[in-house]
Amino acid sequence: MRQRQSNFELLRIISMFLIVLHHYGIHGTFYEGTFSWQKVGINLVTSFGKVGVNIFVLISAYFLVTKTFKLERVYRLLLETLFYSYVVLAIFWFFDRNNPTLTHTNIIHLLFPIPLEYWFVNAFLFMLCLSPFLNILIRNISKQMYIYLLLFLTFIWVIVPTVSTLKLAGYSDFAWFIYLYLLAGFLRNYDLNLSSSTLRWIFYGSVAITLLLVTDFNILGRSDQFFMDHVLFFLFQNKLPIVLMSFSLFLLGKDWNLGSNRFINTVASGILGVYLIHDNVVIRPILWTAVNNAQYKTLVSTIGMGIVASIIIYIVCTVIDLIRQLFLAKFMNWLAVKLANGTRRIFGVD
């Protein structure tokens, strides 16, 4: 079996950590009201979660564009998602049935996590199922037409939403993942001839712009509610600073020379588990209430404890998933193969 490239695996670890840190900010107990440096700290740690999403999708797409579609990948993702959803439901049903988070609605969401929960998994599955068709397009479109397509999509789904509140041409999480897939396909097939120094300037510049926008909108929000209401406007996955940050960090990470590092690859293998555990519909409110980000009153403590809490959560969830892999990975892979073979027999597909 071909060993995974640890530069990409490290990028995936960084991506998931940014997502956990983002959730510390948006799912915590702190109420975003008037200006405070505590609020600025919360908003700052929230700033890079969508960068994590974009990079994770770019990495996956970067490899999928050269691979033959395998139904087993779809079933493995479905099985792991169902596993964690049903395990959490069973634990709370038998040991803490009266927990206020175990509402009827949440039980239904745990029973049907696809499509009711985990927006990321839903969008990723959509992209995964469309990947063979997208690969046909990528293989047969000329470079010039490919550039035109990306420029058009960038204009309607990146530029326009960055300077306005418009959502054009059916923009959604599903559409955005298709955009990222096409972008990754272009990066896989064509060299942009951007030096590392240029990419670093793009990355550090977009980071600085993002942090300044968040801070300035908070400060301006003291006297104008418009700015306070739009503090997070530039932090969505399709805003230009976030896209540039994601694009540049991905290309920088692509050239890291790490070989195949067993420790990095092992930690990275638990990335999906980290997401499925900590962002479970029942676990989420319990987890972030326990963390209680409202207790940290200063800018430094809010950011510092957010990083510390996110590291601890990441480690604990990784350990849990590595235990799952130790006892169940082979069985779940075997089941995914059986389900894929059965599906192909039913539809008469090789």
Donor-acceptor contact present, side-chain [X] to main-chain [Y], <3.5 Å:
{"X": "T302", "Y": "G41", "result": "no"}
{"X": "K297", "Y": "A294", "result": "yes"}
{"X": "N106", "Y": "T101", "result": "yes"}
{"X": "H230", "Y": "F226", "result": "yes"}
{"X": "W157", "Y": "W176", "result": "no"}
{"X": "D96", "Y": "F92", "result": "no"}
{"X": "T162", "Y": "L240", "result": "yes"}
{"X": "Y146", "Y": "F186", "result": "yes"}
{"X": "S310", "Y": "I307", "result": "no"}
{"X": "N333", "Y": "A329", "result": "yes"}

Joint cluster assignment, [X] & [Y], ILVMFWY side-chain distance < 4.5 Å:
{"X": "L212", "Y": "I202", "result": "no"}
{"X": "L44", "Y": "L220", "result": "yes"}
{"X": "L326", "Y": "L79", "result": "yes"}
{"X": "F236", "Y": "L166", "result": "no"}

> Would F217 and F35 count as a ring pair (Phe, Tyr, Trp, His ring centres under 6.0 Å) if you check the C-alpha gap in whole Å, the side-chain angles of each, and the deciding distance to 0.1 Å?
Replying inline: CA-CA 10 Å; F217 270 47; F35 173 86; over 10 Å; no
Could you tell me whether the side chain of [Y] reaches within less than 4.5 Å of the side chain of [X], counting heavy atoms only?
{"X": "Q144", "Y": "I147", "value": "no"}
{"X": "N99", "Y": "I286", "value": "yes"}
{"X": "L64", "Y": "R73", "value": "yes"}
{"X": "F177", "Y": "L125", "value": "no"}
{"X": "V53", "Y": "F56", "value": "no"}

> How are the rings of F63 and F8 set relative to one another: parallel (under 30°), tilted (30 to 60°) or perpendicular (over 60°)?
Replying inline: perpendicular
> Yes or no on side chain to side chain donor-acceptor pair (under 3.5 Å) for S248 and Y204, after CA distance, side-chain angles and deciding distance?
Replying inline: CA-CA 9 Å; S248 56; Y204 291 129; over 6 Å; no
Is the count of non-hydrogen atoms from other residues, nucleotides or ligands lying under 6.0 Å from [X] atom [atom1] greater than 12?
{"X": "F155", "atom1": "CZ", "answer": "no"}
{"X": "Y148", "atom1": "OH", "answer": "no"}
{"X": "W119", "atom1": "CH2", "answer": "yes"}
{"X": "W256", "atom1": "CH2", "answer": "yes"}
{"X": "D255", "atom1": "CG", "answer": "yes"}

> Taking the six-membered ring for Trp, is the centroid-to-centroid distance between Y275 and F120 below 6.0 Å?
Replying inline: yes
> side chain to side chain donor-acceptor pair (under 3.5 Å) between N265 and S260: does it pass, once the steps are laid out?
Replying inline: CA-CA 7 Å; N265 294 355; S260 182; 3.2 Å; yes
Examine the side chains of [X] and [Y] and answer whether a donor and an acceptor come within less than 3.5 Å of each other.
{"X": "N218", "Y": "N43", "result": "yes"}
{"X": "E80", "Y": "Y84", "result": "no"}
{"X": "T105", "Y": "T103", "result": "no"}
{"X": "D173", "Y": "Q237", "result": "yes"}
{"X": "S195", "Y": "T198", "result": "yes"}
{"X": "S85", "Y": "Y118", "result": "no"}

Could you tell me which non-hydrogen atom of [X] sits nearest to which non-hydrogen atom of [Y], and how far apart they are?
{"X": "P132", "Y": "F69", "answer": "CD-CD1, 3.7 Å"}
{"X": "T318", "Y": "V274", "answer": "OG1-CG2, 3.4 Å"}
{"X": "S36", "Y": "F30", "answer": "OG-CZ, 4.2 Å"}
{"X": "N122", "Y": "E117", "answer": "ND2-O, 2.6 Å"}
{"X": "L102", "Y": "R97", "answer": "CD2-O, 3.8 Å"}
{"X": "S131", "Y": "Y181", "answer": "CB-OH, 3.3 Å"}

> Is K338 salt-bridged to E72, going by a charged N under 4.0 Å from an acidic O?
Replying inline: no
>> For Y179, run the side-chain hydrogen bond (donor to acceptor under 3.5 Å, both in side chains) check against N54, T154, N238 and tell me which one passes.
In response: T154
> Centre of F233's six-membered ring, under 6.0 Å away, within 45 degrees of the axis: is that where NZ or CZ of K239 sits?
Replying inline: yes
> So how far is it from L339 CG to L71 CG, rounded to the nearest 0.5 Å?
Replying inline: 8.5 Å
> Between atom CG of L110 and atom CG of N280, what is the distance when rounded to the nearest 0.5 Å?
Replying inline: 5.5 Å
> Are R262 and E9 close enough, and set up right, to give a salt bridge (charged side-chain N to carboxylate O under 4.0 Å, His left out), and what steps lead you there?
Replying inline: CA-CA 10 Å; R262 184 176 180 182; E9 296 304 283; over 6 Å; no
